[in-house]
Protein chains: 2
Amino acid sequence: MSKPPSREETARKVHSTALHLMRYVRAQDIALGVPPARLSALSVIVFGGKTSLSDLAKAEQVRPPTMSRIIDALVRDGLVKRETDKKDRRSVIITATEKGTRIMHQGRSRREKRLLDLLQPLRREEIDLLDRASEILSKELRTGTH
Amino acid sequence: MSKPPSREETARKVHSTALHLMRYVRAQDIALGVPPARLSALSVIVFGGKTSLSDLAKAEQVRPPTMSRIIDALVRDGLVKRETDKKDRRSVIITATEKGTRIMHQGRSRREKRLLDLLQPLRREEIDLLDRASEILSKELRTGTH
DNA sequence: GTTGCATAGTTAGCATAGCTAATGATTAGC
DNA sequence: GCTAATCATTAGCTATGCTAACTATGCAAC
């Protein structure tokens, strides 16, 4: 049927697809009323459990002052709470409130539903192929230089 | 070997992989010294040819005032130029300058090189699989409701 | 051709989110 | 106990998103 794709072509396709996919799922988040940076941080807090502010900053690849201000807003809106670490009183421990947890679960299920809708018309073999492709890429992203 | 993945699992994997992949390639862009929104707009201008401001706004999924200001910055930095459309004098046509084109090509080759490095250890069959997976997803993203 | 509506773009003003530099508080090393 | 390192915050800048209000132009109806 078709000739084997060059690595360059495949790289371009993969990049373009990932870009459009992210755009597609992120559109769902607007309904939650929590802006993107805050939602992303909240996700780490809810699903990753309690962490320090600096660990959060690392996870989100932003600088501590940026994360500090994001936490300000999340605290103000009652989605997380700040506590000073008993072991190291310089450190701040961030925990999700019940409200924060609830909103995050809503968000996740909205996004998953959206993606499932996208995958709905696909056949068993195609789902299987997407699954293996994700595995391959994830593995390289974990082991590569970055 | 392994039992067939549920659609839910696959959806989660695909989402997570796309997210990490975008993070991986975007890191390259910092070296260009052009902030993300401007770079993305410049990409549409360089590779998509001359367009009006409102078409650009649609392509980038932002409102016209946002695009207007992005263009302000790109013009100020000599990367694009504004011209009024002769046919419809309300309309503004945006074109890339030589400098803008040069920088964008640099950016593209940096990102492609980065992705090629990632795909480098993969075998022929794995590349082929990624290629087909991208095709499948792209097709759904094009034909789906969004 | 003028009246009136629609469309393209800009301006003004606000919120969000990124950064560096500088500061305060606490801990760790010696 | 002093010094250096670490964690978080504050201040102040840039960038990027939005809506509302405005200007200028085009188009349609009469």
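Residue numbers begin at 1 in each chain, while the letters A, B, ... track the order of the sequences. The model shown is predicted, which means the values in this text are computed figures rather than measured ones.
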**Message:** Quick check: do B/R142 and B/S138 have side-chain heavy atoms less than 4.5 Å from each other?
**Reply:** yes
**Message:** So, OP1 or OP2 of C/dT16: does either fall under 4.0 Å of a side-chain N or O from A/R38?
**Reply:** yes
**Nearest-neighbour nucleotide for the A/D88 side chain, C/dG9, C/dA21, C/dT26 considered** = C/dT26
**Request:** State the OG-CZ distance between A/S54 and A/R90, to the nearest 0.5 angstrom.
**Result:** 9.5 Å
**Complete:** Taken to the nearest whole Å, CG/A/D55 to P/D/dC7 is 8 Å
**Asked** What integer distance in Å separates A/I70:CD1 from C/dA17:P?
**Response** 6 Å
**Request:** For B/D77, check salt bridge (Lys or Arg N to Asp or Glu O under 4.0 Å) against everything at least two apart and list the hits.
**Result:** B/R38
**Closest nucleotide among C/dC19, D/dT9, D/dT16 to the A/T66 side chain** = C/dC19
**Message:** I want to confirm an ordering. Mapping B/I93 and A/V34 to their closest nucleotides on DNA chain C, which one lands closer to the 5' end?
**Reply:** B/I93
**Prompt:** Could a donor-acceptor pair under 3.5 angstrom be found where the side chain of A/R89 meets the base of C/dT26?
**Reply:** no
**Request:** Give one of base, sugar-phosphate or nothing for A/S54, where a contact means two heavy atoms less than 4.0 Å apart.
**Result:** sugar-phosphate
**Prompt:** Does A/S68 make a side-chain N or O approach to OP1 or OP2 of D/dA8 shorter than 4.0 Å?
**Reply:** no
**Sugar-phosphate only, base, or nothing, as touched by B/P65 at under 4.0 Å among non-hydrogen atoms** = base
**Message:** Less than 4.5 Å apart, side chain to side chain, heavy atoms only: is that true for A/L119 and A/L122?
**Reply:** yes
**Residue A/L53, side-chain heavy atoms: nucleotide from C/dG18, D/dT9, D/dG17 that is nearest** = D/dT9
**Prompt:** Quick one: which of D/dT9, C/dT27, C/dT7 gets closest to the side chain of B/R90?
**Reply:** C/dT7
**Prompt:** Would you call A/H15 and B/M22 a side-chain contact if the rule is heavy atoms closer than 4.5 Å?
**Reply:** yes
**Prompt:** Expressed in angstrom and rounded to an integer, what is the separation of B/R63 atom CZ from C/dG9 atom P?
**Reply:** 15 Å
**Message:** From CG of B/D77 over to C1' of D/dT14, roughly how many Å is that when rounded to an integer?
**Reply:** 12 Å
**Request:** Evaluate the side-chain proximity of A/S68 to A/R82: yes if any heavy-atom separation is below 4.5 Å, no if none is.
**Result:** yes
**Complete:** Separation of D/dT16 atom P from B/L56 atom CG, nearest Å, is 14 Å
**Prompt:** Do A/S91 and A/S52 have side-chain N/O donor and acceptor atoms under 3.5 Å apart?
**Reply:** no
**Message:** What's the angle between the local helix axes at either end of the helix from C/dG1-D/dC30 to C/dC30-D/dG1, using five pairs per end and rounding to 10 degrees?
**Reply:** 20°
**Prompt:** Does OP1 or OP2 of D/dA15 have a side-chain N or O of B/R69 closer than 4.0 Å?
**Reply:** no
**Request:** May I have the distance from B/D85 (atom CG) to C/dG9 (atom C1'), rounded to whole angstrom?
**Result:** 13 Å
**Message:** Does D/dT9 have OP1 or OP2 under 4.0 Å away from a side-chain N or O of A/R82?
**Reply:** yes
**Message:** Once you apply a heavy-atom cut-off of 4.0 Å, does A/S91 come out as touching a base, just sugar-phosphate, or nothing?
**Reply:** sugar-phosphate
**Asked** For A/R76 and C/dT16, what is the distance between atoms CZ and C1' respectively, to the nearest whole Å?
**Response** 10 Å
**Prompt:** What's the CZ-P distance between B/R23 and C/dG18, to the nearest Å?
**Reply:** 11 Å
**Prompt:** Transitive ILVMFWY cluster of B/I45 at side-chain heavy atoms under 4.5 Å: who else is in it?
**Reply:** B/L32, B/V34, B/L39, B/L42, B/V44, B/V46, B/F47, B/L53, B/L56, B/V62, B/M67, B/I70, B/I71, B/L74, B/V75, B/L79, B/V80, B/V92, B/I94, B/I103, B/M104
